[in-house]
Amino acid sequence: MTADKIIRRKLSDQVLDRLRQMLAAGELKPGDTLPSERALMERFGVGRPAVREALQSLHNSGLITISHGERSRVNRIDATTVLTQSDDLARMVLSSAPDNLNHLREARRMFELGMVRQAAERATDKDVSDLRALVEAQRAQLGQPEDFIAADMAFHIRLAAITGNPIIESVSRAMLGWLFEYHTTLLHWSGNEDITLAEHARIVDRIAAHDGDGAVTEMARHMDRSAEAFGQA
């Protein structure tokens with residue numbers, strides 16, 4: 001019979017659990033300052049090292065911000081916070097095997113097609129005006145690969161925002177960020193910037209007409225052409 005060993009947990013881990021419970025229960029809300037280290041030491045009956053290690057763990061996970069000379073503060077937690085915390089890990093995953101990058105491209109294609117349909121259904125005149133302005137802003141970056149790509153990302157993130165779903169917008173921003181370095185390298189030789197601009201303009205036209213099917217068709221052509229031209233969507 002295998003013994004079930006009782007593992008003695010570090011004090012800092014126990015403090016970390018208690019602090020997380022305070023956050024989950026709403027005892028500490030976004031924007032609040034945390035109690036002082038001394039107050040936490042007295043509350044939990046532990047020494048300063050355990051408190052500091054627990055606070056550092058919360059800081060590393062993005063739940064709080066530790067500033068030199070100031071009390072730690074609770075961060076606002078949303079989908080963007082969670083995804084940003086995984087940026088480095090995501091890039092490691094993408095670099096570890098070529099298929100992972102292809103899987104991300106495929107996932108992004110499926111995501112964009114669903115997103116653009118919702119955008120066509122929900123877009124206001126202001127949304128359409130913003131998209132047209134972003135196309136022109138991207139046109140102004142011709143000859144500047146990194147700035148052109150940044151403008152391309154801004155266009156797709158604005159599309160995501162039209163859905164009114166903050167999680168969709170956060171996921172869109174994250175996926176584009178993870179692909180950014182690959183986009184930049186490939187665009188130096190792509191020579192397809194004018195085609196990209198024309199495709200974006202046609203997507204906006206379909207959104208302005210509230211033509212969901214047409215918007216999906218134009219987005220599919222845009223992403224498939226991009227993938228064929230320089231190996232990614």
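What you see below is based on every heavy atom in this structure, not just the backbone, and it leaves out hydrogens, waters and symmetry mates. Just so you know, these numbers come straight off a predicted model, no measurement behind them. When a residue number appears, it is its place in the shown sequence, counting from 1.
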Item checked: Partners meeting side-chain contact (heavy atoms from CB on, under 4.5 Å) with Thr217 (sequence neighbours left out) -> Arg221

Check: Looking at Thr163, Val171, Ile162, Asn165, which one forms a side chain to side chain contact (heavy atoms under 4.5 Å, CB included) with Met115?
Finding: Thr163

Next item on the list: Could you tell me the separation between the OG atom of Ser57 and the CZ atom of Arg20, rounded to the nearest 0.5 Å?
Entry: 7.5 Å

Margin query: As an exercise, state the distance from CZ of Phe44 to CG of Leu19, rounded to the nearest 0.5 Å.
Written below: 4.5 Å

Next item on the list: Please list, chain by chain and in numerical order, all residues satisfying salt bridge (charged side-chain N to carboxylate O under 4.0 Å, His left out) with Glu27, sequence neighbours excluded.
Entry: Arg43

Item checked: Shortest non-hydrogen separation from Ala220 to Arg109 and the atoms involved -> CB-NH2, 3.7 Å

Margin query: Run the side-chain contact (heavy atoms from CB on, under 4.5 Å) test against Asp125 and tell me which residues pass, sequence neighbours left out.
Written below: none

Item checked: Approximate separation, where rounding is to 0.5 Å, of Leu40 CG and Leu55 CG -> 6.0 Å

Item checked: Salt bridge flag under 4.0 Å for residues Glu218 and Arg206 -> no

Note to self: Can you give me the closest heavy-atom contact between Ile207 and Ala215, atom names plus distance?
What the structure shows: CG1-CB, 4.4 Å

Next item on the list: Return yes if some donor-acceptor pair links the side-chain N/O of Asp211 with the main-chain N/O of Gly214 below 3.5 Å, else return no.
Entry: yes

Item checked: Contacts of Glu199 that satisfy side-chain hydrogen bond (donor to acceptor under 3.5 Å, both in side chains) - sequence neighbours left out -> His222, Arg225

Check: What distance separates Gln138 CD from Leu197 CG, expressed to the nearest 0.5 Å?
Finding: 5.0 Å

Notebook entry, point to check: Nearest 0.5 Å, what's the CZ-CE distance between Phe111 and Met175?
Noted result: 4.5 Å

Next item on the list: Report the residues that fulfil side-chain contact (heavy atoms from CB on, under 4.5 Å) with Met153, sequence neighbours left out, ordered by chain and then residue number.
Entry: Ile149, Leu176, Phe180

Next item on the list: Would you give the length of the straight line joining atom CG of Leu134 to atom CD1 of Ile157, rounded to the nearest 0.5 angstrom?
Entry: 10.0 Å

Margin query: Under the criterion side chain to side chain contact (heavy atoms under 4.5 Å, CB included), I'd like the reasoning laid out for Leu63 against Asn75: C-alpha separation, chi angles, the key distance, then a yes or no.
Written below: CA-CA 5 Å; Leu63 294 174; Asn75 293 333; 5.9 Å; no

Note to self: Please check this pair: side chain of His59 against backbone of Ile66, looking for a donor-acceptor N/O pair closer than 3.5 Å.
What the structure shows: yes

Margin query: Could you tell me if the side chain of Leu159 sits less than 4.5 Å from the side chain of Met219, heavy atoms only?
Written below: yes

Next item on the list: Taking salt bridge (charged side-chain N to carboxylate O under 4.0 Å, His left out) as the test, write out the residues that go with Asp17, two or more places apart.
Entry: Arg9

Next item on the list: Sorted by first residue and then second, give each salt bridge (charged side-chain N to carboxylate O under 4.0 Å, His left out) pair with at least one member in residues 111-121; sequence neighbours left out.
Entry: Arg108-Glu112, Arg117-Asp213

Check: How would you list all residue pairs meeting salt bridge (charged side-chain N to carboxylate O under 4.0 Å, His left out) that involve residues 31-41, not counting sequence neighbours?
Finding: Glu37-Arg48, Glu37-Arg52

Next item on the list: Please name all residues satisfying side-chain contact (heavy atoms from CB on, under 4.5 Å) with Asp205, sequence neighbours left out, ordered by chain then number.
Entry: Arg132

Checklist line | Sequence-distant partners of Lys126, salt bridge (charged side-chain N to carboxylate O under 4.0 Å, His left out), two or more places apart | finding: Asp130

Next item on the list: Measure from the side-chain N and O atoms of Ser36 to the backbone N and O of Ala39, and report whether any donor-acceptor pair falls under 3.5 Å.
Entry: yes

Check: Which is it for Arg73 and Leu34 under the side chain to side chain contact (heavy atoms under 4.5 Å, CB included) test, yes or no, and what are the steps along the way?
Finding: CA-CA 6 Å; Arg73 189 174 296 276; Leu34 272 73; 5.8 Å; no

Next item on the list: Could you tell me which non-hydrogen atom of Ala123 sits nearest to which non-hydrogen atom of His210, and how far apart they are?
Entry: O-CE1, 3.0 Å

Checklist line | salt bridge (Lys or Arg N to Asp or Glu O under 4.0 Å) between Arg122 and Asp127, intermediate numbers included | finding: CA-CA 9 Å; Arg122 301 179 182 183; Asp127 293 327; over 6 Å; no

Next item on the list: Using side chain to side chain contact (heavy atoms under 4.5 Å, CB included) as the criterion, point out the one residue from Thr65, Val74, Leu16 that pairs with Leu58.
Entry: Leu16

Check: Considering residues at least two apart in sequence or located in another chain, which fulfil the salt bridge (charged side-chain N to carboxylate O under 4.0 Å, His left out) criterion with Arg139?
Finding: Glu136

Item checked: Any residue meeting side-chain hydrogen bond (donor to acceptor under 3.5 Å, both in side chains) with Ser12, in chain and number order, not counting sequence neighbours -> Glu53

Check: How are the rings of Phe155 and His200 set relative to one another: parallel (under 30°), tilted (30 to 60°) or perpendicular (over 60°)?
Finding: parallel

Checklist line | Minimum heavy-atom distance Leu28-Pro35, with the two atoms named | finding: CD2-CD, 4.2 Å

